[in-house]
2 protein chains.
Amino acid sequence: MQPKTLDQFTARAAVLKALAHPSRLFMVDQLSDGPKCVADLQELVGADTSTVSKHLSVLYNANILAREKCGNQVFYSLRMACVMGFFQCVESVLSGQAQITADLVEDLK
Amino acid sequence: MQPKTLDQFTARAAVLKALAHPSRLFMVDQLSDGPKCVADLQELVGADTSTVSKHLSVLYNANILAREKCGNQVFYSLRMACVMGFFQCVESVLSGQAQITADLVEDLK
DNA sequence: TATCTATTTGGCTATTTTGCCAATTAGGCA
DNA sequence: TGCCTAATTGGCAAAATAGCCAAATAGATA
């Protein structure tokens with residue numbers, strides 16, 4: 001693989017890597033409804049605030065989310081709305097193979 | 001997050017996680033042209049055969065690739081073709097922010 | 001059968017990721 | 001100023017990932 005090609009795929013992979021976590025994916029999904037602050041998302045996800053904050057930073061650094069300070073809270077919003085279309089792609093494959101998907105989820109436990 | 005919701009996002013994240021690697025992304029890209037055997041991909045990627053084989057298994061287990069044995073070689077093909085459309089989405093985010101992307105690649109080095 | 005090729009699997013170490021707690025920073029407000 | 005809330009950062013231990021080599025497996029062919 002050429003260095004230039006490697007850089008290109010590394011950049012793409014970085015975006016996917018940022019999305020590739022259940023909690024982060026869930027937060028992206030929630031943010032497709034509109035901006036939310038850290039505390040909102042913390043309650044929805046149910047993890048420690050610091051954990052949620054770190055997940056949000058991962059998404060922000062990958063340019064998936066935008067961030068705006070408002071008073072002493074920080075609102076995150078979805079910058080990369082097209083990711084929602086990808087879920088349909090994934091869903092179309094997974095839903096067509098309920099058994100495989102179920103196995104997959106089991107394996108992951 | 002409800003258990004059912006968690007399962008759903010875990011399944012989605014598993015697909016993204018499988019894609020979230022430069023070499024695997026590159027292989028998926030190459031396979032969008034048509035099926036290839038392990039040795040073909042090994043040469044294109046330039047890693048150890050066992051490494052390539054393991055990457056292919058990751059993609060196969062995530063239902064992204066199909067696998068067919070032919071003689072003593074194994075051909076992999078793209079099962080989830082819609083992922084290619086998603087790359088355009090990723091690209092649109094990256095290309096619209098060349099500077100940020102360059103920083104990202106640098107950070108990753 | 002013996003052997004060669006293609007692929008997968010096992011095992012190992014190095015690296016990365018995750019998620020919690022504790023501590024810090026930053027912004028309101030009395 | 002002092003205090004409270006919101007969010008981030010540092011640090012740590014557990015878990016997962018990556019990639020190499022060596023070994024095993026499966027199929028073709030002499």
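Per chain, numbering begins at 1; letters A, B, ... match sequence-line order.
Here the CZ-OG distance, from A:Arg24 to A:Ser57, works out to 10.5 Å after rounding to the nearest 0.5 Å. Note that OG1 of A:Thr5 is 12.0 Å distant from CG of B:Leu25, once rounded to the nearest 0.5 Å. Summarising the geometry, atom CZ belonging to B:Phe75 is positioned 5.5 Å from atom SG belonging to B:Cys70; distances are rounded to the nearest 0.5 Å. Here the CG-CE distance, from B:Leu44 to B:Met27, works out to 10.0 Å after rounding to the nearest 0.5 Å. Summarising the geometry, atom CG belonging to B:Leu31 is positioned 11.0 Å from atom CD1 belonging to B:Ile64; distances are rounded to the nearest 0.5 Å.
The separation between A:Leu41 atom CG and D:dA7 atom P is 9 Å, rounded to whole Å. The nearest whole Å value for the distance from the CG atom in A:Asn61 to the P atom in D:dT8 is 11 Å. Atom OH of B:Tyr60 is separated from atom C1' of C:dT8 by 14 Å (rounded to the nearest Å). Separating the CG atom of A:Leu6 from the P atom of D:dG19 is a distance of 10 Å, rounded to the nearest angstrom. Whole-Å rounding puts the A:Gln42 CD to D:dT5 C1' distance at 13 Å. Put simply, CG on A:Leu25 is 12 Å from P on C:dT18, counting in whole angstrom units. Residue B:Glu68 contributes atom CD, which lies 18 Å from atom P of C:dA6 at whole-angstrom precision. Atom NE2 of A:His21 is separated from atom P of D:dA15 by 15 Å (rounded to the nearest Å).
The side chain of A:Thr51 contributes no N or O atom lying less than 4.0 Å from OP1 or OP2 of C:dG19. Contact between the side-chain N/O atoms of B:Arg67 and the OP1/OP2 oxygens of C:dA6 is not found at any separation under 4.0 Å. Here B:His55 does not reach the OP1 or OP2 of D:dT17: none of its side-chain N or O atoms lies under 4.0 Å away.
At a threshold of 4.0 angstrom between heavy atoms, the contacts of B:Lys54 include nucleobase atoms, whether or not backbone atoms are also involved. As judged by a 4.0 angstrom heavy-atom cut-off over every strand, A:Tyr76 is placed among residues touching the sugar-phosphate backbone only.
For A:Lys69, counting side-chain heavy atoms from C-beta on, the closest listed nucleotide (C:dA26, C:dT7, C:dT5) is C:dA26. Taking the side chain of A:Ala47 as heavy atoms from C-beta on, and the options C:dT9, D:dG19, C:dC20, the nearest nucleotide is C:dC20. Considering only the side chain of A:Lys17, C:dT17 comes nearest among D:dA7, C:dT7, C:dT17. Among the nucleotides C:dT16, C:dC20, D:dT8, the one closest to any side-chain atom of A:Thr49 is D:dT8. Relative to the side chain of B:Arg24, the nucleotides C:dT16, C:dC20, D:dA18 differ in distance, and D:dA18 lies closest. In this structure, the nucleotide among D:dA26, D:dT8, D:dC20 sitting nearest to the side chain of A:Val38 is D:dT8.
Taking the six-membered ring where tryptophan is involved, the planes of A:His21 and A:His55 are tilted, since the angle between them lies from 30° to 60°.
Along DNA chain D, the nucleotide nearest to B:Ser23 and the one nearest to A:Ser50 differ in position, and the one closer to the 5' end is contacted by A:Ser50. Take the nearest nucleotide of DNA chain C for A:Val58 and for B:Leu56: the residue whose nucleotide is more 5' is B:Leu56. Between A:Asp48 and A:Asn72, it is A:Asp48 whose nearest contact on DNA chain C lies nearer the 5' terminus.
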